[in-house]
Amino acid sequence: MSSTTDTMMRHFANQAEHRRFESLLDRRQFLATMGLGGIFFTVPGSFAQALVQTPEQTIGPYYPDRLPLDQDNDLLVINDNITPAVGEISWISGRVLDSRGQPLRGALVEIWQADNAGAYIHSASPIRNRDTAFQGYGKFTTGSSGEYLFRTVKPGLYPGRTRHVHYQITAPGRSRFTTQLYVQGEPLNGNDGVLNEIRDTTQRNTVIVPWTAVSGSRIGELAAKFDIVLGFTATDTTPARPTMISMVHGASFQPGAASSSWATIFGDGLSSTTRAWNASELVNGKLPESLDGVSVRINNKPASVYYISPKQIDLQAPDDTTSGQVQVTVTNAGGTSDPMSVELQSLLPGFFLLPQDYVAAVRPDGTYVGPAGLIDGVTTTPAQPSEIVSLFGTGFGPATPNTPAGQVVSAPAPLSNPVKIQIDTVLIEVKYAGLTGAGLYQFNIEIPDLPDGDHPVTAQVGAARTRRIGRIRIQRLTSGAAMTPGSRRHSTSSSDLLAAGIDRRIGESYTSSPSSGPSPLLTRRSLASPRSSTR
């Protein structure tokens, strides 16, 4: 595999995982701003009494039969909606512990509940008038202190039950544990059949907790603390079976994948280690199908695994003529995940993107195109009309001759199908379009004469178009900034570039005579060992 592919994959692996946790980080920042963060995990004397194992309860009939797209720990707001759910805002927190009181790291905590009016996000909910602004389900993976946190509303009532929140906990190496949380002082608690199935009074009292007013809250928020004690010790655990959440295009992050293209899997417990492949793992030109025991199968065919971490896997999909839904599984030391259905296509084009959806555009000298300050530690400058740059993507289909998926590309090969690239309203001349690395395509183009500013970039190959629109910054030369196109070089050192997760050598994939295709330097070079990811 070329250094170009290695560079691109390491950079965009970092970017993908960053995007995955943006919303969670924003909410943590919000908590700190509100001054609420400390109230959840510092209750004095909370472990003064002997630990009592949390009683297991029924999962109930209303676990979502169709999970929401937004599954984070803030049930009050769905995605970027500005309208919150109706009800008493409540913060539910606690820790997941083993039988000795030791926190359990990596436990997946799921909750689901009725909205303020008593309706679930379930097709059989007895109350139908559901609050569509309420997420209804959320999940949180515990850290080293075993803590979890959700923002929700105080659950409403529906016929036959008291107020309650359903919990499901999946600790590493353990089967799912279900229980329910109740509201202390709720009049219907005494007659609730599910709650009173817990015969042991001490155990029953552990799931009934106070929902108290948050001090200083101007909108009457409530807080409930619920520690969950599981009936085993941490030393009893075995490696967790992986859980997949989604699989997306490796460049655009849109759902689905294409034959032989790069893709990314997000999930929980995918790997116990975090690393990319090493050069020594590329044997006889074949890419590794397993890293540290982590492997992926797509439509029962092995994928090439580039990068693994507990929450992310980057891979090259195998060659497959199937078009439609296929099953994907992840296997690690803990077992094989439940299969996930993914849309597989022969063509699913997408450009690799820099921050703020700017396309990854590189000049012949290795400098990057973009507005100034786009990437920390890297000089980025706008493109100029008539300048030649290279774009990079995946999912553009076969080349001639074609290199099978899972193999190092030994020589650049033009695309078999013609590709059209458009910047704004201008259909531009593509001077070269071809496979230059495993699953990696390069496009040499000339920047059209367009006004200063950002312009959308799209591509079409066959009948397939890029689903996500990138953009490129164009700026004409002024009298005070005269220069030859492509002549400006980085002002930062190579070490600065490497620290940013971007390797200067990506410029070597570009040829000084674009009409002839990419330079042989791209593929006839010694493989350098990939550096560890900087996430």
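Because the structure is a prediction, the values reported are computed rather than measured.
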Say you draw a straight line from [atom1] of [X] to [atom2] of [Y]; how long is it, rounded to the nearest 0.5 Å?
{"X": "Asp70", "Y": "Asn79", "atom1": "CG", "atom2": "CG", "answer": "4.5 Å"}
{"X": "Gln475", "Y": "Ile447", "atom1": "CD", "atom2": "CD1", "answer": "13.0 Å"}
{"X": "Ile111", "Y": "Phe140", "atom1": "CD1", "atom2": "CZ", "answer": "11.5 Å"}
{"X": "Ile445", "Y": "Ile421", "atom1": "CD1", "atom2": "CD1", "answer": "5.5 Å"}
{"X": "Ile121", "Y": "Asp131", "atom1": "CD1", "atom2": "CG", "answer": "11.5 Å"}
{"X": "Ile298", "Y": "Thr322", "atom1": "CD1", "atom2": "OG1", "answer": "11.5 Å"}

Is the side chain of [X] donor-acceptor paired with the backbone N or O of [Y] at a distance under 3.5 Å, no angle test?
{"X": "Trp262", "Y": "Ala257", "answer": "no"}
{"X": "Gln442", "Y": "Gly434", "answer": "no"}
{"X": "Glu110", "Y": "Trp112", "answer": "no"}
{"X": "Tyr368", "Y": "Leu354", "answer": "no"}
{"X": "Glu289", "Y": "Ser304", "answer": "no"}
{"X": "Asn278", "Y": "Ser280", "answer": "no"}
{"X": "Asp314", "Y": "Tyr307", "answer": "no"}
{"X": "Thr394", "Y": "Gly439", "answer": "yes"}
{"X": "Thr142", "Y": "Leu104", "answer": "yes"}
{"X": "Asn444", "Y": "Ser390", "answer": "no"}

[X] vs [Y] side-chain heavy atoms within contact, under 4.5 Å:
{"X": "Ile313", "Y": "Leu291", "value": "no"}
{"X": "Ile169", "Y": "Leu108", "value": "no"}
{"X": "Ile472", "Y": "Ile423", "value": "yes"}
{"X": "Leu435", "Y": "Val409", "value": "yes"}
{"X": "Gln135", "Y": "Asp74", "value": "no"}
{"X": "Leu270", "Y": "Ile308", "value": "no"}
{"X": "Val305", "Y": "Trp277", "value": "no"}
{"X": "Thr152", "Y": "Leu76", "value": "no"}

| task | Using the side-chain hydrogen bond (donor to acceptor under 3.5 Å, both in side chains) rule, take Arg363 and Thr381 through it: C-alpha gap first, then chi angles, then the decisive distance, then the call. | result | CA-CA 10 Å; Arg363 297 183 175 90; Thr381 55; 3.0 Å; yes
CZ/Arg105: more than 12 non-hydrogen atoms of other groups inside 6.0 Å | no
Can you establish whether the number of heavy atoms outside Leu427 located under 6.0 Å from its atom CG is more than 12? yes
Hits for side-chain hydrogen bond (donor to acceptor under 3.5 Å, both in side chains) against Asp449, two or more places apart or cross-chain, chain-then-number order -> Arg476
Ser271 meets the side-chain hydrogen bond (donor to acceptor under 3.5 Å, both in side chains) criterion, sequence neighbours left out, with Thr273
Do you know which two heavy atoms are closest between [X] and [Y], and how far apart they sit?
{"X": "Val359", "Y": "Gly470", "result": "CG1-CA, 3.9 Å"}
{"X": "Pro318", "Y": "Pro302", "result": "CB-O, 3.5 Å"}
{"X": "Val109", "Y": "Tyr148", "result": "CG2-CB, 4.2 Å"}
{"X": "Thr264", "Y": "Phe266", "result": "CG2-CZ, 3.7 Å"}
{"X": "Ala405", "Y": "Asp319", "result": "N-OD2, 3.0 Å"}
{"X": "Pro382", "Y": "Val369", "result": "C-CG1, 4.3 Å"}

Passes side chain to side chain contact (heavy atoms under 4.5 Å, CB included), Ile265 versus Val296? Steps please. CA-CA 10 Å; Ile265 291 174; Val296 178; 3.9 Å; yes
Given side chain to side chain contact (heavy atoms under 4.5 Å, CB included), test Arg275 with Asp292 step by step and report yes or no. CA-CA 9 Å; Arg275 72 177 183 93; Asp292 298 347; 3.0 Å; yes
query = Does the gap between the ring centers of Phe396 and Phe443 come in under 6.0 Å?
reply = yes
Ring centroid separation for Trp91 and Phe150, is it under 6.0 angstrom? no
Sequence neighbours excluded - salt bridge (Lys or Arg N to Asp or Glu O under 4.0 Å) pairs with any residue from [range]:
{"range": "residues 324-341", "result": "Arg241-Asp338"}
{"range": "residues 293-307", "result": "Lys301-Asp320"}
{"range": "residues 389-409", "result": "none"}

Assess the side chains of [X] and [Y]: does a donor N or O sit below 3.5 Å from an acceptor N or O?
{"X": "Tyr358", "Y": "Asp454", "value": "yes"}
{"X": "Thr400", "Y": "Ser416", "value": "yes"}
{"X": "Thr331", "Y": "Thr336", "value": "yes"}
{"X": "Lys139", "Y": "Gln71", "value": "yes"}
{"X": "Asp268", "Y": "Thr243", "value": "no"}
{"X": "Asp424", "Y": "Gln422", "value": "no"}
{"X": "Gln254", "Y": "Arg467", "value": "no"}

Please list, one pair per line, the donor and acceptor atoms closer than 3.5 Å that link side chains of residues 340-352 to other protein atoms, with sequence neighbours excluded.
from: Ser341; atom 1: OG; to: Gln325; atom 2: OE1; distance (Å): 2.5
from: Glu343; atom 1: OE1; to: Gln325; atom 2: NE2; distance (Å): 2.6

Looking at Arg471 and Asp357, is there a salt bridge between them, counting it only when a charged N and a carboxylate O are closer than 4.0 Å? no
Step-by-step side chain to side chain contact (heavy atoms under 4.5 Å, CB included) determination, Glu446 to Ser386
CA-CA 6 Å; Glu446 182 175 339; Ser386 301; 3.9 Å; yes
Quiz item: Arg151 and Val77: side chain to side chain contact (heavy atoms under 4.5 Å, CB included), yes or no, with the steps?
Solution: CA-CA 9 Å; Arg151 183 169 75 150; Val77 177; 3.9 Å; yes
